[in-house]
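The next block holds one structure in the form of structure tokens; read it before the comments.
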Amino acid sequence: MVNIELKRERIVIRYKDHKWDWILEPRYWRNAFLWTALLLIFPAVSYFINPGLINTMISANIYAAIAIPLGLMTIGTGRMNFGPNFFIGVGGYTAALLSIAYGWGPLMTLPFAVLVTLASALIFSPLVIVARGLYYVLLTLLLPLVFLEVTFIYTDIFKGDTGLFGIVPLLDTGNSRINFLLIAYVSTFIMVLYVLIINKVLKSRYGLIMATINDDEDVAHGIGVNINKVKIISFVCAAGMIGVLGWFYAHYFSSFAGITYLPLTFMLKILLVMMIGGRSQIFGCIVGGYFVAFLEMILIRTMGPIQPVIFPIILMVLLFTLPEGLFGLYRKRRYREYLPTLHVRR
């Protein structure tokens, strides 16, 4: 028998041993609803006013979608991964090679891109156990750089100097503007899906265990937590989510070049998105992604050739002046303990 309980701030439905509850008070869902609605309206408005903004929005969504699982990885392992673009390269090259060789579309290449990324992450997952501090930073930093060198050594396969072309596009309606509009909604869907999944994980019992490991491994070990298991699961699952964005890049541009995504410049963008947004706050990653993408677009249009110099300077100034990130400004006015923040163990 279904039992429905209507309380002051939530509705609870019970059926046998199962329980579902939904919060009714607007203060818990109002802001999320308004921001999601804005993300859905923005591409449609830009389509008629300035279609070029859609491309910037897609970049912002993907920056945020990469930073969100990276934040989960950081919280779950207690270590900052400086090579998330390695998994972008794995997912992107897997999708690109399969699409070119067999003519597969994005739906066919997606599961293989995820599986290969998960397998590569599992191979390198012992790093989160044996390497600490500076050693872990250096090893994760080297992974994409070594992969980049591999693409140049085996240029017959990866075309390291020019990249792979002829990949089946993500969408093809026959109208480029409509393609951009639909792809913007696909990127928004991926980003929002990642936020919902990781928000649910971090608010669960498993998220509490991850927060304990992130804060103090000795305490976590003392209460009986299998630290190594949690670290490996966090590392591998987050890497698989990042690999999906490599698949997205490959089919979105119908080309994929490691020289674009594997160098330090792209990695620094993602790390700055995560830090400027708010020290591994998953909601802050969205703010950071849009801030970095639109700031980059404005500087390219106004500064021209000196943009590559001005852009990192502005970001570094913000990084030091806003230690809690842009999302931290909101938390100061309306403080609630949202989720675990970044605390990297030495």
Taking all non-hydrogen atoms of both residues, which atom of [X] and which atom of [Y] are closest, and how far apart?
X      : Y      : value
Ser187 : Phe248 : CB-CZ, 3.9 Å
Asn61  : Thr188 : ND2-OG1, 3.0 Å
Pro43  : Leu39  : CD-O, 3.0 Å
Phe165 : Ser255 : CD2-CB, 3.6 Å
Ala64  : Cys285 : CB-O, 3.5 Å

Determine yes or no for a side-chain-to-main-chain donor-acceptor pair under 3.5 angstrom, with [X] supplying the side chain and [Y] the backbone.
X      : Y      : answer
Arg177 : Pro51  : no
Ser254 : Ile167 : yes
Ser46  : Phe42  : yes
Tyr194 : Met241 : yes
Thr151 : Leu148 : yes
Arg301 : Leu299 : no
Ser59  : Asn55  : yes
Trp247 : Val114 : no
Asn85  : Ile88  : no

Does any part of the side chain of [Y], heavy atoms only, come nearer than 4.5 Å to the side chain of [X], both counted from C-beta?
X      : Y      : result
Tyr252 : Ile58  : yes
Leu72  : Ser234 : no
Val225 : Ile213 : yes
Tyr135 : Leu127 : no
Glu296 : Phe291 : no
Asn81  : Leu70  : yes
Leu171 : His251 : no
Leu141 : Met267 : yes

Can you measure from CZ (Phe253) to CG (Leu164) and round to the nearest 0.5 angstrom?
->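 Nearest 0.5 Å value for the CZ-CG distance: 15.0 Å.
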On the 0 to 90° scale, with breaks at 30° and 60°, tag the Phe294-Tyr290 ring pair as parallel, tilted or perpendicular.
->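 Parallel, since the angle between the ring planes stays under 30°.
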Check side chain to side chain donor-acceptor pair (under 3.5 Å) between Thr117 and all other residues, then give those that pass, not counting sequence neighbours.
->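 Per chain and number, Thr117 pairs via side chain to side chain donor-acceptor pair (under 3.5 Å) with no residue.
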Test: Glu217 and Lys231 ion pair at under 4.0 Å |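 Salt bridge between Glu217 and Lys231, a charged N being under 4.0 Å from a carboxylate O: yes.
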Tyr63 and Ile270: CA distance, side-chain angles, deciding distance, side-chain contact (heavy atoms from CB on, under 4.5 Å) verdict = CA-CA 6 Å; Tyr63 288 164; Ile270 303 304; 3.9 Å; yes
Should Met210 and Val230 be marked as a side-chain contact (heavy atoms from CB on, under 4.5 Å) after you check the CA-CA gap, both sets of side-chain angles, and the distance that decides it?
-> CA-CA 7 Å; Met210 293 171 62; Val230 174; 3.9 Å; yes
Considering residues, nucleotides and ligands other than Phe152, do more than 12 of their heavy atoms fall under 6.0 Å from its CZ?
->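 Correct, the count exceeds 12.
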When clusters are formed by joining ILVMFWY residues with side-chain heavy atoms under 4.5 Å apart, either directly or through shared neighbours, do Phe124 and Ile129 land in the same one?
->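 Per the 4.5 Å side-chain linkage, Phe124 and Ile129 are co-clustered.
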Within one Ile-Leu-Val-Met-Phe-Trp-Tyr cluster: Leu143 and Ile153, side-chain cutoff 4.5 Å =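 Yes, Leu143 connects to Ile153 through the hydrophobic network.
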Could you check Phe112, Phe87, Phe147 and say which one makes a ring pair (Phe, Tyr, Trp, His ring centres under 6.0 Å) with Tyr93?
->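 Single pass found, and it is Phe147.
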